[in-house]
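To find a chain, count down the sequence lines: A is the first, B the second, and so on, and within it residues start at 1.
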Amino acid sequence: MAELIKTVDLKKYFKLSKTEYLHAVDGVNLSIEKGRTLGVVGESGCGKSTLGRTMIGLNNATSGEIWFEGEDLLKLSPSRRKAYRSKMQIIFQDPYSSLDPRMSVFQLIAEPLISNKVHKAKGELVDHVSYLMEKVGLDQRFINAYPHEMDGGRRQRVGIARALALNPEFIVCDEPVSALDVSIQAQIINLLMDMQEEMGLTYMFITHDLSVVRHMSDEIMVMYLGQCVEKAPAAELFRNPLHPYTKALLAAIPQPVIGEKMNKEIIRGEVSDPINPAPGCRFASRCKHCCPQCTQADVPLKKVENAHEVACVLYK
Amino acid sequence: MGENTVKVKIKKKSQAGDIWRRFLKNKTAVFGLIVFSLIMLVVLLADVIVSYDSALTQNIMDRLQAPGAAHWFGTDNFGRDIFARIVHGSRNSLLVGIGAVAIGITVGGLLGSVAGFYGGKIDSVIGRIMDTIMSIPLMLLVLSLVTALGNSLINVLLAMMIANIPQYVRIVRAAILSVVGQDYIEAARACGTSNLKIIVKHVIPNAIGPIIVQATMAVGTMILNAAGISFLGMGIQPPTPEWGAMLNEGKQFMTMYPYIVVFPGIAIGLTALALNLMGDGLRDALDPKLKD
């Protein structure tokens, strides 16, 4: 299968002052094949969301390349880039704040269609909106409802309908279930997976919930402070985590075994400062395997096994 | 659902109809609307209700009469009929009050939304200019502007409007800032909505509440400010009837003949009250979250 989207050394820095830059995304290389899902995991503030938003153009990248269908989006003129925008959509984390409280479900779902002038006749627009509602499992009686009248799951379905409205090929799912009840999380995840199968969608699934990401993803990328520290097929990563940070992350998944003793690798210390970070491995200050090599120069991703890449000096 | 189920009838309810329905549910707001409509009726039909001459004719024999059958609201120290003066004064008072607020809010709102939406340097420049205007006391600013531009009702209106702009810039800017950071603005951008459409469809509807409240509260203040200005000898000149000016002129007779100031006071108060009730109702009606 052909790859749909690829980033090369993608960077997004936020300027804080003349000399201070917050390195939110720092040289990420990834590629996602058409119809597949890349899971992106990492703790809060590691740049997962910024990466997703930068890829679909909500943030301007500082440097690097974003290849989509054989074109480098960052080199395109703004008008040509806009044409690609409708092919890339995002589902937001919080369905309570990502829907305009003054708009009805109809207006919300119709917005992308109206903004991109998909339909001329109003009847077509109404039909399209009700088709989308049916597709995401929203009852037609909600068409005049306002977001505050619905529960979180239904709101998120509206968010998904908005993202699907323009027939995108690539969707960034920015923690789409983390604001929902556990019972509703499963429904939304199944909906997303059904949509993927039906429409051949490509997902980038951002989350900090490891059990969700295992269920959804073909490949998983672990991020720490703006950088990718490990990348592997989902099953492989869970079977054989290599990077000390990935190991600690997986060890933190609760195991429901009665009488099991807590025997976990606990990461000590705080996340180091993302503002003008020092060269070398960013996890070094919290890593028990830390050696002088770690802090001398940046540690690049290295292929260890088939499709399993890790950025750590322990693996050659 | 079986295939034979009748398709749910999808009717897109109009937004304006929704707002109107919610407004009508609010009894006090409807009261405000009725009172304000009556006042507007008086403005339109002033000449039919009582002739303009009777608002100006001085009749020394009849001066300072208490309210009665001949003069419903009594007469002032020149023997002019207070009822006639209030009816005809409504035109000048509402023109100044509503005019200054309406123009101030349009210009201030525009500048405020530009400052809030784009931020950065534009925001700083607009902010500093507004700070400069705000640092001058209102009366002083209006007096110097009217002196410079020439004494006329339009110039007073213009001067009051300029003095008013900064507060609207600030309110609108703050309201816009609270909306612009929201996720749904980013969501609109992600689905390809243009900046102009985002401002019109998302930012303004969500930011308009505090602006409406401020505007309706300001009308009463503006009428009184205009009165202060005419008291200082600018703007509306005697004997032209105007509510604020009537308050000022009647001040010296207030202890003996309170009705001279009571009726214009009631007129100003009633207008301000009606507008406030209406404004509050409108703000609530515009917010679908406060339905029922």
Side-chain angles (χ1 to χ4, degrees), chain A residues 53 56-59 82-83 85-86 88-118 122-123 125-127 129-130 133-134 139-149 158-159 162-163 165-166 168 171-172 174, chain B residues 1-3 5-19 21-22 119-120 175-176 178-212 282-292:
Chain A
R53 283 165 196 229
I56 65 160
L58 278 178
N59 292 337
K82 216 182 158 198
R85 211 177 228 190
S86 61
M88 310 163 101
Q89 285 298 318
I90 182 167
I91 298 168
F92 286 88
Q93 171 176 13
D94 185 356
Y96 291 85
S97 65
S98 60
L99 302 176
D100 188 335
R102 308 222 169 190
M103 282 191 161
S104 66
V105 169
F106 175 84
Q107 290 172 306
L108 285 165
I109 299 179
E111 188 183 21
L113 300 169
I114 294 170
S115 293
N116 288 278
K117 301 186 178 69
V118 177
K122 199 168 171 197
L125 184 67
V126 176
D127 286 347
V129 169
S130 62
M133 287 177 73
E134 201 180 309
D139 201 289
Q140 299 291 340
R141 70 193 159 93
F142 288 109
I143 197 157
N144 286 318
Y146 287 94
H148 70 273
E149 296 166 340
V158 174
R162 276 167 64 93
L166 298 170
I171 297 184
V172 172
D174 187 358
Chain B
M1 251 192 273
E3 285 189 17
T5 335
V6 185
K7 205 180 163 201
V8 184
K9 202 172 173 209
I10 301 150
K11 191 179 97 226
K12 192 190 159 280
K13 280 189 281 183
S14 86
Q15 196 85 336
D18 256 1
I19 293 169
R21 255 188 304 281
R22 269 178 259 148
I176 298 247
S178 72
V179 172
V180 164
Q182 298 285 328
D183 276 355
Y184 53 79
I185 302 294
E186 190 144 272
R189 204 165 273 153
C191 69
T193 310
S194 64
N195 273 353
L196 181 69
K197 258 200 172 157
I198 289 179
I199 293 182
V200 174
K201 296 242 164 174
H202 295 281
V203 179
I204 291 179
N206 281 291
I208 204 149
I211 301 166
I212 290 179
L282 194 60
R283 179 200 53 192
D284 292 350
L286 285 172
D287 189 350
K289 265 193 249 175
L290 294 173
K291 222 183 235 181
D292 307 324

Inset, instruction - Kindly compute the distance separating CG (B:D287) from NE2 (A:H148), expressed to the nearest 0.5 Å. - result: 8.0 Å
Legend entry - When A:M88, A:K82, A:Q89 are compared by non-hydrogen pairs under 4.5 Å with chain B, the top option: A:Q89
Legend entry - Under 4.5 Å from a heavy atom of chain B, the part of A:I90 involved: side chain
Inset, instruction - For A:S115, enumerate each residue passing the side chain to side chain donor-acceptor pair (under 3.5 Å) test, keeping only those at least two apart in sequence or located in another chain. - result: B:T193
Inset, instruction - Measure across B:G192 and A:N116 and return the closest heavy-atom pair with its distance rounded to 0.1 Å. - result: CA-ND2, 4.4 Å
Legend entry - Per-residue contact mode, A:S97 against chain B (heavy atom under 4.5 angstrom): both
Legend entry - Portion of B:L286 that has a non-hydrogen atom of chain A nearer than 4.5 angstrom: both
Legend entry - 4.5 Å side-chain heavy-atom contact, A:M103 and B:H202: yes
Legend entry - Closest non-hydrogen atom pair, A:P101 against B:Y184: CD-CE2, 3.5 Å
Inset, instruction - Nearest 0.5 Å please: distance from the CD1 atom of B:I19 over to the CZ atom of A:R102. - result: 9.0 Å
Legend entry - Pairs where residues 179-188 of chain B contributes a residue and the test salt bridge (Lys or Arg N to Asp or Glu O under 4.0 Å) is met, not counting sequence neighbours: A:R53-B:E186
Inset, instruction - Kindly compute the distance separating SG (B:C191) from CD1 (A:I109), expressed to the nearest 0.5 Å. - result: 11.5 Å
Legend entry - Separation between NZ of B:K197 and CD1 of A:I114, rounded to the nearest 0.5 Å: 6.0 Å
